[in-house]
Amino acid sequence: MMGHVPLSWFLMLSAVLFSLGVAGFIFRRNIITMFMSIELILNAVNLTFITFAYQRQQVAGHLLAFFVMVVAAAEAAVGLAIILTVFKNRETLNIDDLDSMKN
Amino acid sequence: MPASPIFNPTDLIRFLPEIILTAMGTLIMVLDPLLNRRESKVYGTLSLATLLAAILAAIYAYSDAGPAFGGMLIVDGFATFFRVLVLGVGILTILPSFSFLKRQQAETSEFHALLLFSIAGQSIMAAANDLIIIFIGLEISSIASYILAGYLRDDKRANEAALKYFLLGSFATGFFLYGVALIYGETGSINLSVVHAVVTGPDAPLPVMVGLAAALMFVGLAFKVSASPFQIWAPDVYQGAPTPVSAFLSAGPKAAAFAIFLRIFMTAFAPIGHAWAPLVWASALLSMTIGNFAALLQTNVKRMLAYSSIAHAGYVMVALASRSEVGIAAAMFYLAAYACMNVGAFAVVSHLSGKGERYQSIEDFAGLAQKQPFVAAMLSIFLLSLIGVPLTGGFFGKFYIFKAALESHLVWLTVLGLLNSAVAAYYYLRLLVMMYFRDPGEAASSAEPLTPAFSAALILPAIGTLVLGIFPGWVLDFAGRSASLVK
C-alpha cells in the first residue's frame, strides 16, 4: 500500500496539517476552535513520527506517537475543564472577550 | 547488562527524587477523602517534608552520578543543580501559601498535590537527556501548572490566566514536538548524545533540516521561558494567577525550561551554534528591552513583576548567546539568584494583597515600612537584588552573565544589556520609595500579622539572595564544574 505513495507526500501532508493548525490557532477567535487547532498540530506531529518510523523501520517512532497521544488526552481533559470554568464565569467563548487584565 | 532493565537499583536511585514526588503527590490526593477534614496545614506540612526528602534524594543521587534508564536520564552536576533549585522553589512556594490559601478560603489538598506533580515534571526536565523524556517532563510540569494558574476557579482573572496559559502553552508544545519529530526523522534518534554524534558525524543530515528543527524547538522553549517575541502570555498569566502560583510559575518552570534550553542547544545543537546564535542574540535584546520598558508603565505590581521576569529571561538568554561553558555557569547562577529574589518579592505581594487579592497596585505598598518594617526590609533586599546592587545575588548574576558575554565578544549585547538594567532600576526603586516615603494606606494598615511560616518564606529567600551576593563562589564553583554537559 505505502509503496505506491511516496513517503515525502506524508511529510508534506503533515507539514500542511501543522500549518493549518498554526493558522487556525492564530486567526480563529473561538476558544474551542483554537483548541482543536492545537490538536491538529499534535496530529501532524504524530503523522511525521509514524512516517519516519516507517521509513527507518524502527518501532521507536510508533512509541513516540503513542506518548504524544497520551499527553494530548491529558491536555484535553485539563483544557476542556478550564474552558468550561471560563464559560461558566463569562458565558462567552470568544477569546477577544477575555481582557479583564489590561491596564 | 542488568538482569531486569526495569528494576535496576542504580537507575531507581538516580530517579528517586521524582519517585518520591509522584508517590507523595498521589498519597496526598488519596489521603484527602480519608482524613475527612479539609485543612491544608496537614497537606502543606506533608509537601514540605516531601520536598526536603526529594532534595536529600537528589543530593544522594549525585553521589553516584551517571546515566539512568539507558541514557534517557542523566544525573550530573547540572541536573542536580536544577533539581535542587526547582525543589527549593517548591518549598518557597508552599511557605507563603499557608496564610494565602487560608485568607482566600481555598485550602485544599489539590493545591499541594498539583504543586508536587508540577515539580516532579520540572525535576525530570532537569535530568532528561532524551527529547521525548524532556517532552514528558515539560507536559507533566505544564499540565499541573495550567490547573494551578486557575486554582481559584470562581475568580474571573484566574480563569482567564489559566486559559491563556493553557492555550499558548500547548501551542508552544506543538512547535517543540514538531521539532522533535524532524530531529527523529533526520537522525533516527531522540537521545541528545546520539543526535550530537550524528550531527557532527560523517552522515550528518542537511544543516538546513537540523536548523529548522532547532528553530521550531527554539519557538517552543522561548514560549516556556517567556522570552521575546513569545512573551505575550506572561503578564496576563502572572497577574491573574493566585500570587503564590505566580511566584512559582516565574521561577520553577522557567528554571526547568532554561535547563532543557541549555542542555538541548549546548549539546545536540552545539555544532550549528553559529546558526542559532543570532536568533538568541535578538531574542535576548528584545526580551530585556520589552520587559524593562513595559514594566515602567505598569501600575499593578504583579504585572510589573511579570514584565520584569521577561527582562530577566532576556539576561539569561544573553548567557545562552555567549555559547560557552562560562555562559552556562553564569545562567545557572543567575537562575538561582533570580529564583530567590523573585519568589521573595512575590511572597510580599501575596502577604499584602488581602482577601480576594484586592491590593495589587503600587500605591498599595505605601507606608508598608511604618506598619510592618520587617516585611518592608525583606522586600527591599529582593528589590535591590532585582536591580543588581552589589552584595546581592542579582549583582553577581548579572556580572557573570555580562562577563561571559564579553568573553564571547558580544560587546553590543553587553552594552545594551547594561543600559537596560539601568532602566530597570527606576521601576524597582519606585516601589521602594512608595514603601518608605509615603503615609500608610488601606492595604498596609490592614495587612495581617506575620505567621512563622510566612516569616520563613521571607527569611529563607533573603538569606539565599545575600549568600549568593556575599559568597558567590560557593555556588559559582559548583556551577562552573557542572557546566561541561555530556555530549
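Values reported hereafter were calculated over all heavy atoms of this structure, with side chains retained and with hydrogens, waters and symmetry mates removed. Residue numbers begin at 1 in each chain, while the letters A, B, ... track the order of the sequences. Predicted model only: the values in this text are computed from it and were never measured.
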For chain B, which candidate among [options] shows the most heavy-atom pairs at distances under 4.5 Å?
options	answer
A:Ile95, A:Leu11, A:Ile82	A:Ile82
A:Asn46, A:Leu64, A:Ile83	A:Leu64
A:Leu42, A:Val70, A:Ile38	A:Ile38

How far does CD of B:Glu160 sit from CG of A:Asp99, to the nearest 0.5 angstrom?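 Result: 6.5 Å between the selected atoms.
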Measuring from A:Phe67:CZ to B:Leu177:CG, what's the distance to the nearest 0.5 Å?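 Output value for this atom pair is 12.0 Å.
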Does B:Met434 CE have over 12 foreign heavy atoms under 6.0 Å away? yes
Acceptor/donor pairs from residues 135-150 of chain B side chains to any protein atom, 3.5 angstrom cut, sequence neighbours excluded:
{"unit_1": "B:Glu139", "atom_1": "OE2", "unit_2": "B:Thr173", "atom_2": "OG1", "d": "3.1"}
{"unit_1": "B:Ser141", "atom_1": "OG", "unit_2": "B:Gln122", "atom_2": "NE2", "d": "3.3"}
{"unit_1": "B:Ser142", "atom_1": "OG", "unit_2": "B:Leu138", "atom_2": "O", "d": "2.7"}
{"unit_1": "B:Ser142", "atom_1": "OG", "unit_2": "B:Lys224", "atom_2": "NZ", "d": "3.2"}
{"unit_1": "B:Ser145", "atom_1": "OG", "unit_2": "B:Ser141", "atom_2": "O", "d": "2.6"}
{"unit_1": "B:Ser145", "atom_1": "OG", "unit_2": "B:Ser142", "atom_2": "O", "d": "3.1"}
{"unit_1": "B:Tyr146", "atom_1": "OH", "unit_2": "B:Ser170", "atom_2": "N", "d": "3.4"}

Chain A shares the most heavy-atom pairs under 4.5 Å, among B:Asp154, B:Asp155, B:Asn159, with B:Asn159
Locate the shortest heavy-atom distance separating B:Arg157 from A:Arg90; write the atom from each residue and the value.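 Closest heavy-atom pair between B:Arg157 and A:Arg90: N-NH2, 4.3 Å.
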Mind checking whether B:Leu168 and A:Phe25 have side chains closer than 4.5 Å, heavy atoms only?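 When only atoms from C-beta onward are counted, A:Phe25 and B:Leu168 do touch, with a gap below 4.5 Å.
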Can you check whether A:Val22 reaches B:Tyr178 side chain to side chain, under 4.5 Å on heavy atoms?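 In short, these two side chains do not touch, never coming nearer than 4.5 Å.
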Check for a donor-acceptor pair, side chain of A:Asn89 on one end and backbone N or O of B:Arg153 on the other, with a separation under 3.5 Å. yes
Indicate every side-chain donor-acceptor pair of residues 27-35 of chain A with a distance under 3.5 Å to a residue at least two apart or in another chain.
{"unit_1": "A:Arg29", "atom_1": "NH1", "unit_2": "A:Asp96", "atom_2": "OD1", "d": "3.1"}
{"unit_1": "A:Arg29", "atom_1": "NH2", "unit_2": "A:Ile26", "atom_2": "O", "d": "3.4"}
{"unit_1": "A:Asn30", "atom_1": "OD1", "unit_2": "A:Ile32", "atom_2": "N", "d": "2.8"}
{"unit_1": "A:Asn30", "atom_1": "OD1", "unit_2": "A:Thr33", "atom_2": "N", "d": "3.3"}

Pick one of side chain, backbone, both or neither for [X], based on which atoms fall under 4.5 Å of a heavy atom in chain B.
X	value
A:Ala72	neither
A:Phe18	side chain
A:Ala53	both
A:Ser14	both

Criterion side chain to side chain contact (heavy atoms under 4.5 Å, CB included) on B:Phe166 and A:Val86, from CA distance to verdict: CA-CA 12 Å; B:Phe166 162 71; A:Val86 168; over 6 Å; no
Counting only non-hydrogen atoms closer than 4.5 Å, does B:Leu131 touch chain A with its backbone (N, CA, C, O), its side chain (CB onward), both, or neither? neither
Is it the side chain or the backbone of B:Ile132 that comes within 4.5 Å of chain A heavy atoms, both, or neither?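 It is the side chain, since no backbone atom gets that close.
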Residues of residues 179-187 of chain B with any heavy atom under 4.5 Å of a heavy atom in chain A: B:Val180, B:Ala181, B:Leu182, B:Tyr184, B:Gly185, B:Glu186, B:Thr187
Pairs touching residues 32-48 of chain A that satisfy salt bridge (charged side-chain N to carboxylate O under 4.0 Å, His left out), sequence neighbours left out: none
